Student: 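Would you mind keeping the following structure in view while I ask a few things?
Note on naming: letters A, B, ... go to the chains in the order of the sequence lines (proteins, then strands), and numbering restarts at 1 for each one. If you're wondering where the values come from, they're calculated on a predicted model, not measured in any experiment.
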Amino acid sequence: MSQQIKYPAFFILLILCSLNSVFYSCTQSIPETANAIDRVPEIYPDYTEITVPANIAPLNFQIDEEYERFLVKFSFKGKTLFTIPSSDGEVIIPAKKWKSVLEACKGESYSVEVFAQKNREWFRFSPFSNFVADDSIDKYLVYRLIAPGFETWGEMGIYQRCLEDFTQTPIVENRMTGDNCMNCHSFSKNRSETMLFHMRAKHGGTVILKNNELTKVDTKRENTISAGVYPSWHPGGRLVAFSVNNIVQTFHAIPDKKVEVFDLLSDLIIYDTEDDQVTSGPEVSSPDYFETFPTWSPDGKTLFFCRAEALPAEKYDEIRYDLYKVGFSEESKSFGELVSVLNVSQNRKSVTFPRISPDGKYLLFCLVDYGNFSIWHNESDLYCLNLETGEVSEAAPLNSNYTESYHSWSANGKWVVFSSRRSDGLYTKPYIGYFSDNGSFSKPFVLPQKKPDYYTRFLKSFNIPEFVTSKVDFPTQDFLKMIE
Amino acid sequence: MKTNGKTLAISALTLVFVLHLFYFAVLNRFHLWNFEQIQFFRFSTGYFSSFLSDPGGFTNYIGVFFIQFFHFPFWGALILSLLAVAVFFVSRIIFRKLRFNGILFPLLPVFILTIVQSNYHYSPIYTFHFLNAIGAFALYVSIQSAKRRYAVFPAVQIVLFLLSGIYSVLFLVLCFFYELLFQRTTLSKWAVSVYVMFSVVLYFFVYRFFYTLPFKPEAVLPEVFFVQPLKKYLVALLAYFPLMLIVVRSISQKKNALLARWNFVNIAAGGLVALLVVFSIATRHYNKKRELIFKMDYNVQQQNWDEVLRTAQKYPGVNQLVVYFTNLALSQKHELAEKLFAYPQLGKKGLRLKWERNKVAPFYGGEVFYYLQNDNEAFRWAFESMVSNGLHPRGLKRLVNTSIANGHLLLAEKYLTIIEESLFYKSWATDKRRNIAVLLQSAGAKADNPLCKISADFTADLKEFDLNLASLLENCPENSTALGYYMATLLFEKNVREIWAQVAARQNFEGHEIPTLLEEALLIYMNNTGERFIDGGLKIREETYQRFERFAMTFARNRQQAARVLEKDFGDTFWYYFYFVQ
């Protein structure tokens, strides 16, 4: 009998608690009196004073302050849009409310004010505001998720993340391919229809997706150093410039350096995806120089790349790359005159990962003390070269004391995404920054996740973040057939 | 007679399972502990969901959940024995449904499982899968109505496939034989055809479209099926029930039931099989050497160096891992230059493991770098071992300790967050987090042991057996582990000139007597070159001089047989190594 009474009582209590919670969350009013705290609250990720695209997923965050409960107010032009209560500091913004903020504030800023309660007393932190840019961001971000290992690899995959929500779907994972290594995914002009990536070891080769057809090719030729490594699609979508490298690595002993990856040999080749032909030229494959990281100008008439004097392995810390360009004829697949664009080696610096904005006016690159594998260089920072004026400026708001490395432009050239190790020194995360018309960058923000503490437990690096304008429709079944 | 038979059966079973428990709890204690060391169970939704991307992931999760309790090997043995009991009872249910009595036949799978479980490649998780498959079949044969069985099959097959992946093939095969051999109706023949077609389609579509995996043996079968010594036993285990169905069917055509009663012949036959299994396990499957290695590893983790050395003495033969652990223990007891040759050696190959992209080298190989305070290398080896094999507690702890030593406190906190999700390492992580909080409060304090922090960079040698000892000593002359290993390297290289120089540079040798093996090396050097110490700060013990004279006299008297004659009294000396070991 007592059992029969207990259970309904328990459920009633449960329902009351739930209703209370719903009621509380809907009607929590802003405290009339609150002690002002003259600073913005500590939040993770740092989504304060940033510029966001008008189509980004909710910027959920965690308030890292020691209080009993919180109330977060979102407002625009002094008018409260909505509030979100939180007992543990986790602020999850409902998608609809978030969308209304972005729509309402396009081209202007919204404000966020955090109230916190302790011992029945309310406190109010200084508000922070974020600017909603008119410019939207490409809908998808493609990256490889991989443990930032040194020699071995385990589970990895290439994934696409919808930037308008939190959906992440695999394009290809190495559990499909006998746990091999896959890398260097690349797209032509941010278009998801034209893609390639490499597979190493088992099922080795370069997988090319083009015109809804999947092929696997071997780009190694008798006279080339290796199969194609670092790719860049020609804007025409037929040719791909690859570096071909003999890459080695060694490991440092001092705390702030870990790995050194460098080339013993390095050239550039042009691969024709339609006739499987490989061409090159002395301008881009000199035995006296290491040529690497090719990148095309938007018109496809110029190939930019990094070039360094070829030095032996023991002088790895003296290998410094300058930026060069060479004219290119798509018809004859021949190169023009070699031109030095940026000579930084004379200042004991080295250029890596040059990427040109879609309008062809700017070139974003990494600057390191030596070498080309900037992801393992703490000093690696992003710099911007104005190709019209030749002026170089540090992309200061994007940089930190840790590595900033691989980067790419959105299709409209208003956003850049780059890898940074700033949060813990090892695991790279994608940060997104706004590039304004006057050629300056705004403070970047980390790719938002549904759970604000997602990154604190995540033990993989986001590798090679690349924007694409639409979802990659990867023919998984064709790929599996290819593997079988 | 019936009561006596039942008592006898219960007694026999109790004895079998007590022996099973004893075998794992006592003789495989460290083997079980090792299982816990190579995985890391976490109480988090993210960890759980990571299992669901592969067929059988749920049971893998359950298996890893139980394996975390192998932290205490007795619990591990108890879990294995309970699993064995479960396998026995499920087998017994199946045999009883087939009207096939007796305890020996349900025990045979338990015996095979005991054999395979003796191999360190065989994870107890596979037993969970096996149990699921035969459990599903026990459920199937328990259903009297044929139509209900036919109706239940697809549901059970789908659930079983999700729970245990390709192990559901066993269920399919058993149902197939059961229907064909024991039902033998037209409908049952149709049913098994449908079963097979349904299962093939299920496997193909679920693999290809749900799990997006290629449908081929190496992608479908568990890794253990490719381990050569285990392969035949696993095949035997999986083939056992289908074969027994055929056997039972053929016998039941002649008799109503087999081994229904207890009699002398049956007991003797059962006893004989049990004895054969015990004999087979003891002589062929129990790996005492591996148990000793795991025991050494356990004591290395506990920093119980005396026990490491005691275990090393029990190890028959020479094993690189044993030598490596032995030398690590000697170094931590500051006895490398005293007792190096008192244990089997492999030259410099016994000082560190060669880097190899496998499960063993990165797992064990980082220890020496940690004690050498080469934190980057210790971090790297721990990290690498977890990249290819998944997280494990010692690796995570090592990442925390080396990150703290390197001043990478944010990184250390990240790993602590992961460790805090575990059951048995949570308190360790909480303590470490407190340490970090203290370090963060004291401005500038970065490392646990700033004394030997590496400030002058050098690069690691990947391919060979170099430990970068000279560079470590240049960075920190007080690094006593590096000094011990350096001296051991010089002894192995028979580089008496450098030993002389090193000892001369450390006039009073850290305030202690010159270690015996170095004295022996110095005597060779002095004997060969005629050099003597100049300022008299160093003194070779009189006893060493006397022993050297005895060695030299015996050597001179019988050069042909010297190696054999001298081995007994001088086999653990540098002199013996110098003159007779290549």
Student: Assess, by modelled atom type and distance only, whether the side chains of B:D54 and B:N60 contain a donor and an acceptor separated by less than 3.5 Å.
Tutor: no
Student: Heavy-atom pairs under 4.5 Å with chain A - which of B:E413, B:M386, B:E421, B:R357 has more of them than the others?
Tutor: B:R357
Student: Pick one of side chain, backbone, both or neither for A:P148, based on which atoms fall under 4.5 Å of a heavy atom in chain B.
Tutor: both
Student: For B:F209, which atoms come within 4.5 Å of any heavy atom of chain A: side chain, backbone, both, or neither?
Tutor: both
Student: Quick check on B:L391 against chain A: is it the side chain, the backbone, both or neither that has a heavy atom closer than 4.5 Å?
Tutor: side chain
Student: Check each of A:K443, A:R422, A:K429 against A:D46 using the salt bridge (Lys or Arg N to Asp or Glu O under 4.0 Å) test, and report the only one that passes.
Tutor: A:K443
Student: Ring centres under 6.0 Å, that's the criterion: do A:Y427 and A:F458 meet it?
Tutor: no
Student: Looking at A:M176, A:Q477, A:H252, A:K481, which makes the most heavy-atom pairs under 4.5 Å with chain B?
Tutor: A:Q477
Student: Could you check which of A:R175, A:E173, A:K257 has the highest count of heavy-atom pairs closer than 4.5 Å to chain B?
Tutor: A:R175
Student: Side chain, backbone, both or neither: which part of B:F458 has a heavy atom under 4.5 Å from chain A?
Tutor: both
Student: What part of B:L213 gets within 4.5 angstrom of chain A, counting heavy atoms only: side chain, backbone, both, or neither?
Tutor: both
Student: Suppose we screen for ring-ring contact (aromatic ring centres under 6.0 Å, His included). Which residues come up paired with A:F479, at least two apart in sequence or across chains?
Tutor: A:F474
Student: Please determine, among B:N376, B:T212, B:D375, B:I454, the option with the most heavy-atom pairs under 4.5 Å with chain A.
Tutor: B:N376
Student: Select one option (side chain, backbone, both, neither) describing which atoms of A:T152 are under 4.5 Å from chain B's heavy atoms.
Tutor: both
Student: For B:S388, is it the side chain, the backbone, both, or neither that has a heavy atom closer than 4.5 Å to a heavy atom of chain A?
Tutor: both
Student: Hey, which of A:G154, A:P170, A:A147 has the most heavy atom pairs under 4.5 Å with chain B?
Tutor: A:G154
Student: For B:F379, does the six-membered ring have the charged nitrogen or CZ of A:K258 within the cation-pi criterion, i.e. under 6.0 angstrom from the centroid and within 45° of the normal?
Tutor: yes
Student: Report which part of A:K451 has an atom under 4.5 Å of a heavy atom belonging to chain B: side chain, backbone, both, or neither.
Tutor: neither
Student: Could you tell me whether the side chain of B:I418 reaches within less than 4.5 Å of the side chain of B:Y47, counting heavy atoms only?
Tutor: no
Student: Looking at every non-hydrogen atom in both residues, tell me the closest pair between A:M182 and A:N180 and how far apart they are.
Tutor: CE-OD1, 3.7 Å
Student: Please determine whether a side-chain nitrogen of the Lys or Arg among A:K349 and A:D381 lies less than 4.0 Å from a carboxylate oxygen of the Asp or Glu.
Tutor: no
Student: Flag the pair B:F161 / B:Y207 as yes when their ring centroid distance falls below 6.0 Å, and as no otherwise.
Tutor: yes
Student: Could you tell me which portion of B:A456 (side chain, backbone, both or neither) has an atom closer than 4.5 angstrom to a non-hydrogen atom of chain A?
Tutor: backbone
